[in-house]
Structures are given as C-alpha cells and as structure tokens.
Novice: 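Before anything else, here's the structure in question.
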Amino acid sequence: MGVELFLQYIAAGVTYGIIYAIVAIGFNIIYNTTGIINFAQGEFVMLGSMIAISLHGVMPLLPSIVLASVVTMFIGALIEVLFIRWLKSPTVLRMIIITIGLSILIRELALSIWGEGVRALPYFTGNEVSSVEIGMIRISPQVLWVVGVCLFMVAVLQGFFHFTLLGRKMRACAANPVAARLCGINTKNMVTLSFMLSALIGAVAGCVVSPITYSQYNMGTGLAIKGFTVAILGGLGNSLAALGGGIVLGILESFSVWFMPSAYKDAISIAILLVILFVRPSGLFGSKERMALKEF
Amino acid sequence: MRKYLGIAFLLMGIVAIQLVASFTDSVYYLTQLTMAGYYTMAVLGLALLMGYAGQISLGHAGFFAIGGYSSAVLTTYNLLPYRDGLFYRLLEALQLLQKREDLYGDTIVNLHPVVAMVVALLLSALIAYVIGIPVLKLKGHYLAMATLGFGIIVYRVVLGTALFGEADGISDVPPFRFYGDLGISGDMDLRVENYYIAWISVLLIMVLFINLLDSRVGRALRAIHGAEDASRAVGIDTGDYKLKTFVLSAVVAALAGVGLTHFNGGIGPSEASVMKSVRYVAIVAAGGMASLWGTMVMSTFLNFMSLRGYFGSYDDALFGGILILIMLFAPEGILSISFRRAWKRLIPRTERVRDGDTEGR
Amino acid sequence: MEILRVDNLSKSFGGLKAINNVSFGLRKGAIKAVIGPNGAGKTTLFNLISGFLRPDSGSILFKEQEIRDYDAHRIARLGISRTFQHIRLFPGMTVIENVMMGRHRFGRTGFLGSMLNLPRKKREERETRDGAMEALRFVGIEELAHRDALELSYGQQRLVELARALALEPEILLLDEPAAGLNMRETAEMGQLIQRIRDRGITVLIVEHDMSLIMKISEEIVVLSYGEKIAEDVPLAIQKNEEVIRIYLGEEDAQDH
C-alpha cells in the first residue's frame, strides 16, 4: 500500500484509539477509587452523544454538548448513589453483575427513547467532505477535534489529580481508603465523584466522536469491552498508559481489515484482550506487584 | 432415594402440564414450553458452573450457539458434490448420511443428525477445554471480561461468516428423527412428543447433576467454592475441577443448542448474543446461584413468559432489572438459605473472643 | 531417618525477606516445633512446605523427593497434611462431610462415575464415611458428626479441622497454632492428642505460641527470628539459649505497650 494510505489508516486508528483510551480512563478512575470495573462505562459515551443530538434540535452545538455532558455526569452520580453507595463490602461478582444489569437497563431505556436509528451530531467545523492537509495526508477536521479535545481532557485530568486538593483526596482514597477515611476524607463522596468524572469524560468523548462514528443505542457494549482491553493493555489503573494502549489498539484494529474480513474487526480487539489476559494480566506497561495489590 | 423425590415431582409436573394443555385445547403453549426446556438445560449447566464451581461465565450463549450452529451446518451442508470421494463413500457405507429434498425439490445429502450432534458436542468440549485452561486461571473482573469476550467473538464470527448464514442464520435444518417420524422437529403434529423429548432431557440432566453433586466430586466442588485454600490442603486439584465443570456445562449448553436448532428448524445469531448470555446469568442468579431446582423453576417461568411475549419490548430490560434487583437485595438468590449460613458463620468468632476472655481472667 | 529436609529456603515479599536461608531436618516419628516472635516467618515457612507459596530459592525434600515446585494439592496427595492458623472449615457442610473431604485423595470416582452412579461410587462413599468416622473417633468428637460444622464452638472446630487433616492419613502433619484460641483445659487435651498422633507414627511439625505446650510435647525446636533460623535444639537447651531469651523478652516488652 502507498505511504499515503498507510498514514490514513494510522489517522483512523488514532481517532478510534483515543476514544477507547477515554473509556479506559473512565474505567481506571472508578477502579482506582472503588476496585470496581464498571461494565456500564460504554453507556456513558452513548448517553452523552445521544442526549447532545436531541438537545441540538433546540439549541446550538456547544451548549447542547455542554448540557449533555453535565446531564450524563449527574446520571453517573445518580447510578452511584442508587446502586453502589449503600452496599456494604459487596463481592466482585456482585458488582460485576450489577453494573452489567445497569448497562442493559440504560441501553434499553435509550432504545425506547431514541429507537434503533443511527444518529450523529454535525461536524464541528466544515462537513463530511471538508478536510485539512497535514503533511502527506488529508484528514477530516473532526479528527483534529477528537484528538485535541481528548488530549486536553487527559491533560486536565492529570492536573486535577496532581495539583488540586480534591484530586489529591481522590488519589489518597485509591491508595489507601482506610487511611484516607482516618484523615477525614469522605471516601463515599470521592466514589460518587469518580463516577461523575468518568461519566463526564465519556460523554464528552461520545460527543466529539459522534460525527465520525455515528451514535446508536447499542454502541456501549463494544466500547466497554474495547475500553477494558485498553485498560488491561496499559495495566489496570494506569491512565497515561491507557492512552498509549488505546492508540495501539486503534491502529491494530484499523489495519486488521487488510488481512481479515471487516466483519471480524471487533473480534480482533477481543482476541487481543484474551491473549493479554492469558499471557500477561498485569498489562504491557503494568507491573506484577501492582496487580497483586489490586487483585481479589 | 429421598434425593429423587424432586425428580418424581418434576415428572408428575411435566405430565400434568401436558394433560392440562391437551384437555383445555391449548397445546400451543407446549411449543414455548419445549423451547423453554432447551434453554433450561443450558441454564442448568451454567448453574453448576456458577453456583457450585463458583466461576462466572458471561459467554455461555457462545457454547449454546457452537452446538446449534455446528449441527445446523453439518445437517444442511450438501455433500452430494463430494460423492466420489473416499470419505463420502465411507460415511455412506456406515449409514451416516441422510438423503432428502430441499425446498426446491432437489436432492441433497447431509450428515445424519446423530453424527452432527456428536461432532457438535465434541467440538464444544474441545473449545471449552482449550479456552478453559487459561480463562479459569483468571479471577473476578478478568474472568468476567474474558468469558464476555469469548461470547462476543462467537457472536461476531457467526454474524460475519457466510458458512453460518451471517445475519440470517441457518434455516431448513432437518428434523432429528429417532424412530420413524418420531424425533425433534417443529412438526405441529409432534408437538406433544417434542414437549416430552425436551423435558425428559431436562429431567435426565437433573438426575445426572443431582448424582454428581451428591458425590465425592460434588463435595469437592462445594468445598472449592466454600474455602479454596482448605480444599487444596486436602488434595483437591481446584483448577482441574473448575476446568472439568466448565467443559461439562459447555457440553450441556451445546446439547441444548443442538436440540433447539432441530426443533426450530434453524438458528440465528441472536442465540449467540451477549444478551442471551446475560439472560442465562440472570436466571441463575434469580434461582439462587447454588440451587439447581431454583434455577430450573426460574428458567422455566421466565423463558416461557419471555417466549410467549408477555414482557413485550421490555424483555431485555426485564432481565437487566432482575440482575440488579437480585444482586442489590438478595445476592444469594431468592430461594437460597445462604443468608442463614452467613449469619451462623459469625457465631464462632464471638465464642472465640469469649474463650479468650475467660482465659485471661 | 529424615522424612523432610528443608535446605537454604528463602522467600521474599517485595523487599521483605520473610524466610531467609533456613535449613533444618525433620526426623520421622518426631514432634518438632517452630517458634519465634510474631512476624518471624513461621506461617510463611508452613505455606512454603505445604505448597501454598513457592520459594524463591532452596529446596524441600520429602522422603528424598524434591517437592518445592509442587502445588498444594499435590503435596497433600503425597501425604503432607496441614491445618490453618485461622480455622478453615467448609461452610454449609456437616462435621462428617468436612472430615470426609480429608479422604478425597483416596477416591477415584470422577465426573462420569458420579453422574452415572457407577457401583464404585457407592463403595467409595462408604469407605470415605468409615474413614472419616474413624478420624472423628480418634479426636473424640464422633457424637458431633451430623452437626453443622460452623455451629460448633471454636475448640470443637479445631478438632474437626484436625480430624480432617488426619483423615488424609498423612505421613507428616503440619499444625499451625493448634492451641490458639483454646482455653487451658482444651490446650492440655490438644497436647495429649498431638502426642497420640505421634504415637500412631505420624511426624508432627508444629507452630505454636503457647510455650508450656511446646516445651512439654516437642522433642526438638527450631527458633526463627526475622526469617532466619537462630537456634535449633532440644527444648531444655532452647530454654537456656540466651539469644532466644533475648528476642522473647524483647517481644514481651513490645507487647506490654
């Protein structure tokens, strides 16, 4: 294949990969404060974009995205308060099943509100045929939006966790919940906050990517499992590594259509997940020690 | 013999339902009950795995589909073009082929359903064994995700492969005849017979599982679930037991898939979907995790209601809701007595403290 | 003759050396004790011998056979049985069922045989039950056979766990603090029971905090401190060993605060 086409595939891979990374970071935020893998993570992405699309019918693009993200964020909080907060030392199996049940309920709710149709937000700048030239390749400006917004979010999150009091409190909870509680941190509120944060970033990601990938009520499961793959790839709990893992997976997936029917594209990333789980469950960038600490 | 009392009641129930249906002129209910029977078989296998071996599988519909699709492909794939081959003549000599006419009146030759079933079961056992070795080493989220991933791969493969009919699935699967016309088929005239075939199969599976649990193996499974360390300390190879249970439950699910495919005369990709796997898990959870009878009752009821369409478009949402409610309020299942046990478990602790006190004084 | 030989055994967790270059032998038919302050690595040593942990280096020879890389269940099947510091009975099982689990290694009936109720299953069940009953009789709680194991008192639960370990018909029995949580009378009875176990020809390796019990029943003592062996001798010599006295006095001090 030509260099140009090759680069186009890379660009496509990076676009998808960054979305997977955002989902993975959403997993990590909740996992770090609670030890729970939230199987409903992909639904936040779906909700964010679907709500924004509906709102866009009555208001301009930017306010509808902002409002949709905030609404999704509060849905995240609501989920935590209703289904997680009051459980006393739930087992892992129980949490898995609850979050799976939630993802189904959210999906079915979305189906009854928005139907089976495929929808999309308009392109933020230009339209589906406009493109910008970068070096040798021409890419849609929306790709730049996706990459830009997502990288911006990751940077803000890093800043939040390292330089603000609230972020540090959340990290304290992740490191040692008992000690954090003794220091007067309300760990339960931190858990709620982690659900809000991961719902928020998921919703924003869902909005920016919607013009390219389209949105549908059932997009969540696929995103969740790929996001999880990326989280595992980077070592569960490690957000910067998730970014790398996401891009790797996105590119692999993008190139997989060269040697396999595109119908198997999803199967590829899952096969990668299985192989990593079997060979190195602590992730490519994670360490065994860390894994031992978080294992149950 | 007391352990078979439930089986006797089950048999009476099966007969009673058929009699009531026949006398009230409502045999059409038996169709959904037959289908519910096959799903119940699959769910019972999962109950053995989840409730007794303590391993979650979010990909069990995958095994059901492997069974169903294997037998569907093998019994519909026309072997006539290969009639000069050695393999064909061997199969013919062994009477393992069956001739029939397709919808357009052309003669086609397929493998006999018995052979197809044997191949389907062996294949599912093999796949379960091969993926079970690495998968069952995983715990918690990793196990859940790995099995979910397996299920999605099966779904994607059947959906994306021409051999499996892609989105349309495979239709025109011939009946599975045992004797004369009698056999698994969607034939209206054989509705009662098919009801009995399905439910006697469920009953047999129940007998086998009850025997299994009431044995050295069953005790070992309960031991692993209750205290894995202690079971290793008495020489139980926990990995081996989990793997064998996984294979057994996969084979039972595949058998159910074979049965339903012949009954329906076809199979579609929805049988392999994640939602189906989740549904099985929901039923096992509702049945009380470690209760074969609870699982059977819940499975029959929920599957029947669902197949009759009583849940309307809320079908999937209902199963999601069941999962959440059970796990929030009765994580050990509705019919389980484990709550009482968990409570009792606290008692020795308090006595220990008391003993220590008296010693100190 | 040495039935068990531990050579240069080491195990670290992260940077912490839980067991550091420990060697000792276990004479067949003896009662040997492992003592040491809290955190000395006694339980780690037991977990290494019984296969629950894998050593970083060193060797463990059982009847001259290297078993350091064997998994726990394999070691149990060879005839090395253990109890746990915190009692681990099987929940939801009666006393006799718990003890029957100890006979697991003598059974041959697998999945198929169990499902199909092959004749062997019935025979094995009877043998298993008889063997378990005998173990219960030996520890003196046969009248509790059909009680729910977790309903019993702490002392009784200890005996059930011991009966389960004995039902394995082990050559070596590893007892991890068998007297913990027992009152004085129960402790004395436990001491006699351990001696009766030895009299049956079973070699006993015991970790215990109760010094009077250890001094009374054991024939040799290994002293661990911070993962290292600091002494190995007969009880009388250990009682006079200055280093041992020093670490134990140190610990007493620490516990006062």
Side-chain angles (χ1 to χ4, degrees), chain A residues 27 31 35-40 82-84 86-87 90-109 111-112 218 221-222 224-225 228-229 231-232 236 260-279 281 291 294-296, chain B residues 50 54-56 58-59 131 133-162 166-167 273-275 277-279 281-282 284-285 289 313-332:
Chain A
F27 273 124
Y31 179 75
I36 295 170
I37 288 293
N38 172 28
F39 279 69
L82 285 181
F83 301 105
I84 315 281
W86 53 276
L87 293 178
T91 61
V92 172
L93 181 68
R94 218 170 141 194
M95 292 318 307
I96 292 170
I97 296 183
I98 287 175
T99 57
I100 287 175
L102 281 171
S103 83
I104 291 163
L105 280 192
I106 295 171
R107 193 191 324 151
E108 292 301 310
L109 193 68
L111 176 64
S112 66
N218 61 4
T221 314
I225 196 148
F228 184 79
T229 308
I232 293 290
L236 208 50
M260 279 188 92
S262 61
Y264 298 151
K265 200 166 123 183
D266 278 357
I268 287 285
S269 57
I270 296 162
I272 292 172
L273 167 70
L274 293 182
V275 169
I276 299 167
L277 281 178
F278 300 160
V279 177
M291 168 90 177
K294 285 284 186 187
E295 202 182 38
F296 354 82
Chain B
M50 281 179 61
Q55 307 297 302
I56 191 173
L58 285 169
I131 74 155
I133 291 171
V135 162
L136 296 173
K137 290 205 178 99
L138 303 170
K139 285 192 164 76
H141 307 304
Y142 299 96
L143 178 66
M145 274 293 181
T147 52
L148 180 66
F150 164 74
I152 294 179
I153 288 178
V154 174
Y155 178 64
R156 288 287 161 192
V157 167
V158 298
L159 198 61
T161 309
E166 294 174 353
S273 67
V274 172
M275 198 52 226
S277 292
V278 171
R279 180 181 284 232
V281 171
V284 174
M289 286 295 184
S313 59
Y314 299 110
D315 207 38
D316 286 348
L318 180 97
F319 282 92
I322 287 175
L323 271 185
I324 296 178
L325 289 177
I326 297 280
M327 284 297 124
L328 283 181
F329 301 112
E332 307 293 329

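The figures here come from the full heavy-atom set of this structure, side chains too, leaving out hydrogens, waters and symmetry mates. Reminder, nothing fancy here: chain letters follow the sequence lines and each chain counts from 1. Note that the structure is predicted; figures quoted are calculated from it, not measured.
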Novice: Would you mind checking which part of B:I133 comes under 4.5 Å of any heavy atom in chain A, side chain (CB onward), backbone (N, CA, C, O), both or neither?
Specialist: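 It is neither, since no heavy atom gets under 4.5 Å.
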Novice: Calculate, to the nearest 0.5 Å, the distance between atoms CD1 and CG belonging to B:I56 and B:L138 respectively.
Specialist: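 B:I56 CD1 to B:L138 CG: 13.0 Å, rounded to 0.5 Å.
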Novice: Do you know the tightest heavy-atom contact between B:V278 and A:I104?
Specialist: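 Of all heavy-atom pairs spanning B:V278 and A:I104, the closest is CG1-CD1, 3.1 Å.
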Novice: Heavy atoms only, distances under 4.5 angstrom: which of B:A282, B:S313, B:A146 has the most pairs with chain A? Name it, please.
Specialist: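 Most heavy-atom pairs within the cutoff with chain A belong to B:A146.
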Novice: Would you say A:T229 and A:I270 make side-chain contact, with heavy atoms under 4.5 Å?
Specialist: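 Heavy-atom side-chain distance check fails, nothing below 4.5 Å.
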Novice: If I measure from the heavy atoms of chain A, does B:L328 come under 4.5 Å with its side chain, its backbone, both, or neither?
Specialist: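 Both the backbone and the side chain of B:L328 come within 4.5 Å of chain A.
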Novice: Test: side-chain hydrogen bond (donor to acceptor under 3.5 Å, both in side chains). Region: residues 143-156 of chain B. Which pairs qualify, not counting sequence neighbours?
Specialist: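 For residues 143-156 of chain B: A:D266-B:R156.
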Novice: Kindly indicate whether the side chain of B:D315, heavy atoms from C-beta on, has any atom under 4.5 Å from the side chain of B:R279.
Specialist: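 Yes - at least one pair of side-chain heavy atoms lies under 4.5 Å apart.
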Novice: Please report the closest heavy-atom contact between A:I37 and A:Y31, naming both atoms and the distance.
Specialist: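 In this case the closest contact between A:I37 and A:Y31 is CD1-CD1, 3.9 Å.
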Novice: Could you report the tightest heavy-atom contact between B:M327 and B:A285, atom names first, then the distance?
Specialist: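 Between these two residues, the closest heavy atoms are CE-CB, 3.9 Å.
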Novice: Give the member of B:I322, B:L325, B:V274, B:T161 that has the highest number of heavy-atom pairs under 4.5 Å with chain A.
Specialist: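 Looking at each of B:I322, B:L325, B:V274, B:T161 in turn, B:T161 comes out on top.
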Novice: Side chain, backbone, both or neither: which part of A:F83 has a non-hydrogen atom closer than 4.5 Å to chain B?
Specialist: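 The answer is both parts of A:F83.
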Novice: Just give me the residue among A:A271, A:S103, A:G101, A:G222 that pairs up with chain B most often, heavy atom to heavy atom, under 4.5 Å.
Specialist: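 Going by pairs under 4.5 Å, I would pick A:G101.
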Novice: With chain B as the partner, which of A:L109, A:L105, A:I100, A:L87 has the greatest number of non-hydrogen pairs under 4.5 Å?
Specialist: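 Most heavy-atom pairs within the cutoff with chain B belong to A:L105.
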Novice: Using non-hydrogen atoms and a 4.5 Å limit, figure out which bit of B:V154 sits close to chain A: side chain, backbone, both or neither.
Specialist: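 Neither part.
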Novice: Given that the side chain runs from C-beta out, which part of A:I96 has a heavy atom under 4.5 Å from chain B: side chain, backbone, both or neither?
Specialist: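 Contact with chain B is through the side chain of A:I96 alone.
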Novice: What residue in B:I131, B:L148, B:V281 has the most heavy-atom pairs under 4.5 Å with chain A?
Specialist: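 Greatest number of close heavy-atom pairs with chain A: B:L148.
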Novice: Just verifying a value: how many Å separate A:I106 CD1 and A:T99 OG1, rounded to the nearest 0.5 Å?
Specialist: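 Going from the CD1 atom of A:I106 to the OG1 atom of A:T99 covers 10.0 Å.
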Novice: If we define contacts as heavy-atom pairs under 4.5 Å, which of A:L111, A:L102, A:L273 has the most with chain B?
Specialist: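 The option with the most such pairs is A:L102.
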